[in-house]
Peer 1: 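This is the structure, below, for whatever I ask next.
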Amino acid sequence: MEIPVFNHDAVLAAVGPEEAIERVRQGFVEYASGEWSMPPKIYLDASPAGDFRAMPAKGAGLAILKWVTSFPGNPAYGLPVVMGVICVSSAKDGEPLALIDARAVTALRTGAVAAVAAQELGPEDARTVGIVGCGYNGSWAARCLAAAEFGPGVCFDLDPEAAGMLAGELGWEAGSREDALACDVVTCVTSGDSPVVAAGDLHPRMHLSMLGADGAGKAEAEIEAVTRCRLFCDEWEQASHGGELTGAVRSGAVSRDDVTELGAVLTGAAAGRGSSEEITLFDSTGLAIQDLAICAAVLEAHRAGTVKAQPVRL
């Protein structure tokens, strides 16, 4: 049996930022409507270096299993933090359909959800956008936000060269952390090892998307900052145990009733931002349904002949 393999470049050639945004948006709607299913993410500890994650989902006639890493120290060895593969099968008969590079899919769906959250939860007239963390996933968050017509933007990173390169690509500016946090829409994509947002950084009309805290013990905002915001997340169970909300939940400062899932907002089952002056925070932990949405788009592009794959014989 031969199946197609889509490497990093093939994935990015198949799905652009605009399509990624719409696909991820629809994936949240399908999941919230009960059409797609997603068992809990499984973590396999590999301390002290990092961890592995197994992420299954089913929908749109497909079933996927994403096997992906998070090894924060990898750049010192010339390796990406995130690596892995997504196995795609037919949900009808179990036939293997494709192997897809997980790093590229992760970047696209991470960037896309930042744009969807900004569109739904940011102030209606929001334009300025700040990026805190301009690494690989942060750069795709910026590209997706620009594709969604947010900007001008301010890029901040501890590595000024990374911030400058991203700003130059998009026609934005490189600035300080304070400059980025002063924007209407702020997206944080750091390692989550220590908070980059304090309560004193909050201001009316601000929307925060926190994308870096994707496991237990990680946080990009101080608990006091989290509790001062109107709270949203991608999926409660995952966010409350291994996301930006975890610290506030464990301290008793935040409960399930305080948090609205993004899918509920997208389907009209729950309200989003309450006023233009409100401060909103979206906790994104990364869902397999987002990966599924991008994988479906890759396979459709392949069937249409717009992207090539390398065949492998099993």
Peer 1: Between Ser284 and Val113, which heavy-atom pair has the shortest distance, and what is it?
Peer 2: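 Ser284 and Val113 have their closest heavy atoms at OG-CG1, 3.6 Å.
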Peer 1: Any donor and acceptor pair, going by atom type alone, linking the side chain of Thr306 with main-chain N or O of Ala301 inside 3.5 Å?
Peer 2: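 Yes; at least one donor-acceptor contact below 3.5 Å.
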Peer 1: Please set out all donor-acceptor pairs under 3.5 angstrom arising from side-chain atoms of residues 81-97, sequence neighbours excluded.
Peer 2:
{"residue": "Ser90", "atom": "OG", "partner": "Lys92", "partner atom": "N", "Å": "3.1"}
{"residue": "Ser90", "atom": "OG", "partner": "Asp93", "partner atom": "N", "Å": "3.4"}
{"residue": "Ser90", "atom": "OG", "partner": "Asp93", "partner atom": "OD1", "Å": "3.2"}
{"residue": "Asp93", "atom": "OD1", "partner": "Glu95", "partner atom": "N", "Å": "3.0"}

Peer 1: Starting from Ile100, can I reach Met55 by hopping between I/L/V/M/F/W/Y residues whose side chains sit under 4.5 Å apart?
Peer 2: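 Shared cluster, no.
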Peer 1: Measure the CZ-CG distance between Phe232 and Leu262 for me, rounded to the nearest 0.5 Å.
Peer 2: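 Answer for the CZ-CG pair, Phe232 versus Leu262, is 9.0 Å.
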Peer 1: Within the distance-only criterion (no hydrogens, no angle test), does the side chain of Arg230 pair as donor or acceptor with the backbone N or O of Gly272 below 3.5 angstrom?
Peer 2: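 Checked: pair present.
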Peer 1: Apply side chain to side chain contact (heavy atoms under 4.5 Å, CB included) to Arg109 and Cys295, showing your working.
Peer 2: CA-CA 10 Å; Arg109 57 91 147 152; Cys295 288; over 6 Å; no
Peer 1: Any sub-3.5 Å donor-acceptor pair from Thr246's side-chain atoms to Ala239's backbone N or O?
Peer 2: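 Pair found, side chain donor or acceptor close to backbone of Ala239.
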Peer 1: If hydrophobic residues (ILVMFWY) are linked whenever their side-chain heavy atoms come closer than 4.5 Å, directly or via other members, who joins Val197 in its cluster?
Peer 2: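 Members besides Val197, by chain and number: Val132, Phe156, Leu158, Leu181, Val186, Val196, Leu202, Met206, Leu208, Met210, Val226, Leu231, Trp236, Leu245, Val249, Val254, Val259, Ile279, Leu281.
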Peer 1: Please find out if less than 6.0 Å separates the ring center of Phe71 from that of Tyr77.
Peer 2: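 No - the distance between ring centres of Phe71 and Tyr77 does not fall below the 6.0 Å cut-off.
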Peer 1: Please check if the side chain of Glu222 supplies one atom and the backbone of Ala225 the other of a donor-acceptor pair under 3.5 Å.
Peer 2: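 The answer is no, because no donor-acceptor pair under 3.5 Å joins these two groups.
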Peer 1: So does Glu124 have more than 12 non-hydrogen atoms from other groups sitting under 6.0 Å from CD?
Peer 2: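 No, because the 6.0 Å sphere around CD of Glu124 holds 12 heavy atoms or fewer from other groups.
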Peer 1: Might you work through the salt bridge (charged side-chain N to carboxylate O under 4.0 Å, His left out) test for Asp125 and Arg127, ending with a clear yes or no?
Peer 2: CA-CA 6 Å; Asp125 59 346; Arg127 286 294 175 267; over 6 Å; no
Peer 1: Short question: side chain of Asn74, backbone of Pro80 - any donor-acceptor pair under 3.5 Å?
Peer 2: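 At least one qualifying donor-acceptor pair exists.
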Peer 1: So, does Ser240 use its side chain to make a donor-acceptor pair with the main chain of Glu237 at under 3.5 Å?
Peer 2: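 Such a contact is found between Ser240 side chain and Glu237 backbone.
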Peer 1: Is there a side-chain contact between Trp140 and Pro17 in this structure, where contact means two heavy atoms from C-beta onward sitting under 4.5 Å apart?
Peer 2: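 In short, these two side chains touch, coming nearer than 4.5 Å.
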Peer 1: Is the backbone of Gly286 close enough, under 3.5 Å, to the side chain of Gln238 for a donor and an acceptor to pair up by distance?
Peer 2: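 It does hold such a pair.
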Peer 1: State, without any angle test, whether Ser191 and Asp193 hold a side-chain donor-acceptor pair at a distance under 3.5 Å.
Peer 2: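 On atom types as modelled, these side chains qualify, holding a pair under 3.5 Å.
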Peer 1: Is it true that atom CD of Glu224 has more than 12 heavy atoms of other residues, nucleotides or ligands lying nearer than 6.0 Å?
Peer 2: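 12 or below, so no.
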Peer 1: May I ask you to check whether Phe282 and His207 place their ring centres under 6.0 Å from each other?
Peer 2: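 Between Phe282 and His207, which both carry aromatic rings, the centre distance is not below 6.0 Å.
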Peer 1: Consider only side-chain heavy atoms of I, L, V, M, F, W and Y, link residues closer than 4.5 Å, and tell whether Val189 and Leu166 are in one cluster.
Peer 2: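 They do not share one cluster, since no chain of ILVMFWY contacts under 4.5 Å joins Val189 to Leu166.
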Peer 1: With sequence neighbours left out, write down each residue that passes salt bridge (Lys or Arg N to Asp or Glu O under 4.0 Å) with Asp234, or none if nothing qualifies.
Peer 2: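 By the salt bridge (Lys or Arg N to Asp or Glu O under 4.0 Å) rule, Asp234 matches no residue at all.
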Peer 1: Counting only N and O atoms by type, is there a donor-acceptor contact under 3.5 Å from the side chain of Glu220 to the main-chain atoms of Gly212?
Peer 2: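 At least one qualifying donor-acceptor pair exists.
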Peer 1: So does Arg23 get a backbone contact from the side chain of Gln26, meaning a donor-acceptor N/O pair under 3.5 Å?
Peer 2: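 No, the answer is negative, given that no donor and acceptor are paired below the 3.5 Å cut-off.
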Peer 1: Are Leu12 and Leu170 linked, directly or through other ILVMFWY residues, by side chains that come within less than 4.5 angstrom of each other?
Peer 2: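 As far as the 4.5 Å side-chain criterion goes, Leu170 and Leu12 are not connected within one cluster.
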Peer 1: Salt bridge between Arg313 and Glu2, side-chain N to carboxylate O under 4.0 Å?
Peer 2: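 Yes, charged N to carboxylate O under 4.0 Å.
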Peer 1: Going by distance alone, is a donor N or O of one side chain under 3.5 Å from an acceptor N or O of the other, for Thr285 and Lys41?
Peer 2: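 The answer is no; no qualifying pair exists.
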Peer 1: Are Arg143 and Ser139 linked by a side-chain donor-acceptor pair shorter than 3.5 Å?
Peer 2: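 Indeed, the side chains of Arg143 and Ser139 share at least one donor-acceptor pair under 3.5 Å.
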Peer 1: Is it possible for you to say whether Leu62 and Phe6 belong to one hydrophobic cluster, with membership spreading through side-chain heavy-atom contacts below 4.5 Å?
Peer 2: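 Per the 4.5 Å side-chain linkage, Leu62 and Phe6 are co-clustered.
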Peer 1: So, the side chain of Thr69 versus the backbone of Phe52: is there a donor-acceptor pair under 3.5 Å, distance only?
Peer 2: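 Absent.
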Peer 1: Examine Trp36 and Leu266 and state if one hydrophobic cluster contains both, with Ile, Leu, Val, Met, Phe, Trp and Tyr joined whenever side-chain heavy atoms are less than 4.5 Å apart.
Peer 2: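 Looking at the clustering, Leu266 is in the same group as Trp36.
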